[in-house]
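Quick caveat: nothing in here was measured; it's all calculated off a predicted structure. Throughout, numbering of the chain's residues begins at 1 and tracks the sequence.
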Amino acid sequence: MTHFEYEVFMLTNEERRKHGLAALAWNDALAKAAQGHSRDLATSNTFSHSGSDGSAPEQRLHRASASIRFLGENISGGRNSPGAAINDWMASAGHRANILNMDAVYLGVGVVYLETSRFKFYVVQVFGS
């Protein structure tokens with residue numbers, strides 16, 4: 001886990017605590033799926049919950065050998081700090097709902113920086129239970 005990914009993870013749990021929710025546990029399989037999607041977004045220069053191959057988050061979880069129930073995915077592009085990504089997500093109803101999902105138990109985070117891509121920074125969170 002990189003420092004950036006760790007900070008996104010910690011700030012996510014801080015937001016959950018502010019709202020009386022339990023902290024999420026880090027999950028390597030979810031992180032593998034998140035990292036793969038971050039890399040795909042950066043290298044394909046796209047910004048979507050669909051992968052460049054048309055894959056959905058659930059399919060990417062399966063590829064990462066995750067035996068966890070998929071609950072949600074947040075993507076961020078162009079935010080060069082963990083706090084900026086979290087602030088944007090918390091200001092968006094759908095992203096906020098993922099962060100504050102009471103059924104969520106696990107979180108994986110993937111971050112890719114690619115200078116030549118449109119947004120340079122790509123951050124993906126994958127939530128599961």
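Separation of the Y106 and W26 ring centroids does not fall under the 6.0 Å cut-off.
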When you look at Y6 and V109, which way does the side chain to side chain contact (heavy atoms under 4.5 Å, CB included) test go after all the steps? CA-CA 8 Å; Y6 176 77; V109 179; over 6 Å; no

Audit row: M102, L21, side chain to side chain contact (heavy atoms under 4.5 Å, CB included) steps and yes/no: CA-CA 7 Å; M102 293 183 347; L21 297 170; 3.6 Å; yes

Audit row: M90, L100, side chain to side chain contact (heavy atoms under 4.5 Å, CB included) steps and yes/no: CA-CA 9 Å; M90 290 304 288; L100 302 179; 4.2 Å; yes

Given side chain to side chain donor-acceptor pair (under 3.5 Å), test D40 with S52 step by step and report yes or no. CA-CA 7 Å; D40 182 44; S52 62; 2.6 Å; yes

Assess whether salt bridge (charged side-chain N to carboxylate O under 4.0 Å, His left out) is satisfied between E14 and R17, documenting all intermediate values. CA-CA 5 Å; E14 187 176 307; R17 279 190 288 278; 5.5 Å; no

Could you check T46 against S48 for side chain to side chain donor-acceptor pair (under 3.5 Å), going step by step and ending with a plain yes or no? CA-CA 6 Å; T46 59; S48 174; over 6 Å; no

Decide yes or no on salt bridge (charged side-chain N to carboxylate O under 4.0 Å, His left out) for R60 and E73, but give the supporting numbers first. CA-CA 11 Å; R60 293 189 295 272; E73 177 182 80; 2.9 Å; yes

Where do E7 and T2 land on the side chain to side chain contact (heavy atoms under 4.5 Å, CB included) test, with the steps shown first? CA-CA 9 Å; E7 286 297 316; T2 67; over 6 Å; no

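A pairwise comparison of heavy atoms in A85 and R79 identifies N-CB, 3.9 Å as the closest pair. Taking every heavy atom of both residues into account, G110 and S38 meet most closely at O-OG, 2.8 Å. When all heavy atoms of S55 and R63 are compared, the closest pair comes out as CB-NH2, 3.3 Å. Closest of all the heavy-atom pairs between L30 and L107 is CD1-N, 3.9 Å. Heavy atoms only, all atoms of each residue included: Q125 and V8 are closest at NE2-CG1, 3.7 Å. The two residues L41 and F47 make their nearest non-hydrogen contact at CD2-CA, 3.9 Å.
Side-chain contact between H95 and D88: absent, with no pair of heavy atoms (C-beta onward) separated by less than 4.5 Å. Between I75 and V123, the closest side-chain pair of non-hydrogen atoms is not below 4.5 Å. Side-chain contact check for W89 versus I86: some heavy-atom pair is nearer than 4.5 Å. Looking at heavy atoms from C-beta onward, N80 lies out of side-chain contact with F4 at the 4.5 angstrom threshold. Considering only heavy atoms from C-beta on, R96 stays 4.5 Å or farther from E15 through its side chain.
Checking side-chain atoms of N27 against main-chain N and O of G108 turns up no donor-acceptor pair under 3.5 Å. With hydrogens and angles disregarded, no donor-acceptor distance shorter than 3.5 Å links the side chain of N101 to the backbone of A97.
Aromatic ring pairs are classed by plane angle as parallel below 30°, tilted from 30° to 60° and perpendicular above 60°; the pair F121 and Y113 is tilted. Taking the six-membered ring for Trp and thresholds of 30 and 60 degrees, F119 and Y122 have ring planes more than 60 degrees apart, a perpendicular arrangement.
To the nearest 0.5 Å, atoms CG (D28) and CD (Q35) are separated by 12.0 Å.
Judged by distance alone, the side chains of D103 and S129 never bring a donor and an acceptor atom under 3.5 Å apart.
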